Amino acid sequence: MTKAIVEPLLQWYDEGHRDLPWRREAAPYRVWVSEIMLQQTRVEAVRGYYERWMQAFPDVRALAAADEAQVLKLWEGLGYYSRARNLHRAAQLVCERYGGTLPADYEALLALPGVGEYTAGAVASIGFGLRVPAVDGNVLRVAARLNDDFMPITDAKQKKRTTGHFSEITPEDRPGDFNQSLMELGATVCLPNGAPRCGSCPVQHLCLGYHHGHAEILPVRAAKRARRIEERTVLLVRCGEEVGIRRRPKTGLLAGLWELPSLEGKTGANELRARLSARGWQVEKLLSLRGAKHVFTHVEWHMSGFEVTLAEKPEGLTFVTPQALRESYALPSAFRAFLSVLEE
DNA sequence: AAAGCGGGGGC
DNA sequence: GCCCCAGCTTT
């Protein structure tokens with residue numbers, strides 16, 4: 001990695017970059033929140049969530065004092081929900097350990113839950129002006145092309161190497177802007193999927209991958225794992241004006257969020273009626289709903305659905321009005337398709 | 001080192 | 001359909 005890329009990238013960044021809410025004012029808390037939200041998540045998906053979050057929790061203390069239910073509700077639909085729990089827990093730790101102010105120290109930031117090497121580097125450099133690299137997926141891709149490097153960027157070892165290279169050339173005076181210029185380049189010019197815009201690149205003249213005609217085929221990634229398929233029968237349980245929901249287990253997929261109750265496997269109307277009766281549920285009405293598919297990273301849910309109207313509320317379900325469900329309970333996107341019935 | 005962990009937008 | 005995103009944690 002050559003230090004010659006620093007000045008062209010900084011100049012290119014100064015000439016114009018995306019106007020992002022968290023760039024308006026680089027307070028460490030704002031940088032931190034944005035970086036957690038941006039983990040494995042596109043900028044456009046984050047914008048709205050970020051604005052709502054800052055309205056609700058303008059500083060570390062406000063976040064630390066919040067209920068977890070409110071935190072998860074504000075995160076609803078953004079995915080990777082452990083990020084929200086860790087952010088909440090970390091805010092409380094920051095209040096206990098540092099009096100409510102984030103520490104201006106890479107190692108101390110790294111020790112917070114949910115903060116890994118990338119996020120610690122981003123907050124340290126952008127929020128505090130410390131001279132540390134911040135190597136994310138964009139930067140790994142940019143580096144692979146600059147160096148004409150065919151080592152898989154998905155390897156932990158490769159990320160270590162790249163981080164080491166950048167730690168040597170990160171400028172003392174503008175580390176945050178330099179790190180952001182690399183990510184900006186990856187997000188707007190050095191694009192993935194064989195679609196780099198080398199003609200618009202400020203460091204094309206320094207790019208070995210471009211020079212060798214490899215920009216389109218780099219970077220190399222490890223093969224993805226296969227996804228398993230789970231069949232489920234989802235129930236929209238209604239009793240009077242209310243809907244029956246339940247809390248998911250504290251660990252695993254969608255941990256601690258609310259869900260519509262469901263049964264393993266695809267179940268026909270007759271079998272479902274029998275199984276619900278065996279539970280002691282008094283089914284007044286059973287309507288088949290349009291099925292839905294939801295794709296997670298490592299599993300697909302293939303869901304069939306039934307609207308089940310009951311005469312009385314059974315044990316084990318929490319009954320809430322549709323309005324309360326919308327306003328106060330964090331329900332993952334996977335179940336959204338089955339709620340359209342409630343809008344009548 | 002590998003697997004678990006969401007959701008969506010672009011092609 | 002497939003790709004992959006301003007990754008982290010646990011096993």
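Chain letters run A, B, ... following the sequence lines, proteins first and then strands; every chain starts at 1. In this text, all values refer to a predicted model and were calculated from it rather than measured experimentally.
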Exercise. Using a 4.0 Å heavy-atom cut-off across all strands, classify A:Leu20 as base, sugar-phosphate, or nothing.
Key: base
Quiz item: Base, sugar-phosphate, or nothing: which does A:Gly186 touch, judged by heavy atoms less than 4.0 Å apart?
Solution: nothing
Quiz item: Would you say C:dA6 has OP1 or OP2 under 4.0 Å from some side-chain N or O of A:Asn138?
Solution: yes
Quiz item: Is the cationic atom of A:Arg47 (NZ for Lys, CZ for Arg) positioned less than 6.0 Å from the six-membered ring centroid of A:Tyr50 and within 45 degrees of its normal?
Solution: no
Quiz prompt | Distance in angstrom units between A:Met37 CE and C:dC5 C1', rounded | solution = 16 Å
Quiz item: Just how far, in rounded Å, is C1' of B:dG6 from CZ of A:Phe296?
Solution: 7 Å
Practice problem: With DNA chain B as reference, determine whether A:Glu44 or A:Thr297 sits nearer its 5' end, using the nearest nucleotide of each. | Solution: A:Thr297
Quiz prompt | Whole-Å distance separating the CZ atom of A:Arg225 from the P atom of B:dA2 | solution = 9 Å
Quiz item: Nearest of C:dA6, B:dG8, C:dT9 to any side-chain atom of A:Asn86?
Solution: C:dT9
Exercise. Between A:Pro113 and A:Asp136, just flag the one whose closest nucleotide in DNA chain C comes earlier from the 5' side.
Key: A:Asp136
Practice problem: For A:Arg336, report the nucleic acid contact type (base, sugar-phosphate, nothing); a contact means any heavy atom under 4.0 Å. | Solution: sugar-phosphate
Practice problem: List, by chain and number, the other hydrophobic cluster members for A:Ile217, where Ile, Leu, Val, Met, Phe, Trp and Tyr join if side-chain heavy atoms come within less than 4.5 Å, directly or indirectly. | Solution: A:Phe150, A:Leu218, A:Val220
Quiz item: Expressed in angstrom and rounded to an integer, what is the separation of A:Tyr81 atom OH from B:dG4 atom C1'?
Solution: 16 Å
Exercise. Assign A:Leu78 to base, sugar-phosphate, or nothing according to its heavy-atom contacts below 4.0 angstrom with the strands shown.
Key: base
Exercise. Tell me whether the centres of the aromatic rings in A:His294 and A:Phe296 are closer together than 6.0 Å.
Key: yes
Practice problem: Tell me what A:Val115 touches on the nucleic acid: a base, only sugar-phosphate, or nothing, going by heavy atoms under 4.0 Å. | Solution: sugar-phosphate
Quiz item: Starting at NZ of A:Lys224 and ending at P of B:dA1, how long is that distance when rounded to a whole Å?
Solution: 21 Å
Practice problem: Examine the side chains of A:Gln39 and A:Tyr118 and answer whether a donor and an acceptor come within less than 3.5 Å of each other. | Solution: no
Quiz prompt | Short side-chain N/O contact from A:Arg42 to OP1 or OP2 of B:dG10, under 4.0 Å | solution = no
Practice problem: Spell out, as yes or no, whether a donor-acceptor pair under 3.5 Å connects the side chain of A:Lys73 to the backbone of A:Tyr329. | Solution: yes
Quiz item: Is a donor-acceptor contact shorter than 3.5 angstrom present between the side chain of A:Arg141 and the base of C:dA6?
Solution: no
Exercise. Side chain of A:Lys293 only, please: which of C:dA6, C:dG1, B:dG6 is the nearest?
Key: C:dG1
Quiz item: When all nucleic acid strands are considered with a 4.0 Å heavy-atom cut-off, which category describes A:Tyr80: base, sugar-phosphate, or nothing?
Solution: base
Quiz item: Is the count of non-hydrogen atoms from other residues, nucleotides or ligands lying under 6.0 Å from A:Arg290 atom CZ greater than 12?
Solution: no
Quiz item: Picking from B:dG7, C:dA6, C:dG7, which would you name as closest to the side chain of A:Ala334?
Solution: B:dG7
Practice problem: Let me know the distance between CZ of A:Arg221 and C1' of C:dC5, rounded to the nearest Å. | Solution: 9 Å
Self-check item: Interatomic distance where CG belongs to A:Leu253 and C1' belongs to B:dG6 [whole Å]
Solution: 8 Å
Practice problem: Would you mind telling me which residue lines up with the more 5' stretch of DNA chain B, A:Asn193 or A:Val299, judged by nearest nucleotide? | Solution: A:Val299
Practice problem: Name the nucleic acid region contacted by A:Thr119, choosing base, sugar-phosphate or nothing; use a 4.0 angstrom heavy-atom cut-off, strictly under. | Solution: sugar-phosphate
Quiz item: Expressed in whole Å, how much space separates the C1' atoms belonging to C:dC5 and B:dG6?
Solution: 12 Å
Quiz prompt | A:Gln40 side chain, from C-beta outward: closest of B:dG6, C:dC3, B:dG4 | solution = B:dG6
Quiz item: B:dC5 and C:dC4: how far apart are their P atoms, nearest whole angstrom?
Solution: 22 Å
Exercise. Scan A:Trp32 against the nucleic acid and name what it touches under 4.0 Å (heavy atoms): base, sugar-phosphate only, or nothing.
Key: nothing
Quiz item: Is any side-chain N or O of A:Thr41 under 3.5 Å from a base N or O of B:dG8, one able to act as donor and the other as acceptor?
Solution: no
Exercise. Could you measure between the two P atoms, the one in B:dA3 and the one in C:dA6, and give it in whole Å?
Key: 24 Å
Practice problem: Using Watson-Crick or G-U wobble geometry with both distances below 3.5 Å, tell me the partner of C:dT10, or none. | Solution: B:dA2
Quiz item: If you measure only the distance, is there a donor-acceptor pair under 3.5 Å linking the side chains of A:Asn138 and A:Arg141?
Solution: yes
Quiz item: Counting just side-chain N and O atoms, does A:His298 come under 4.0 Å of either OP1 or OP2 of B:dA3?
Solution: no
Quiz item: When the distance from NE2 of A:His294 to P of B:dC5 is rounded to whole Å, what number comes out?
Solution: 13 Å
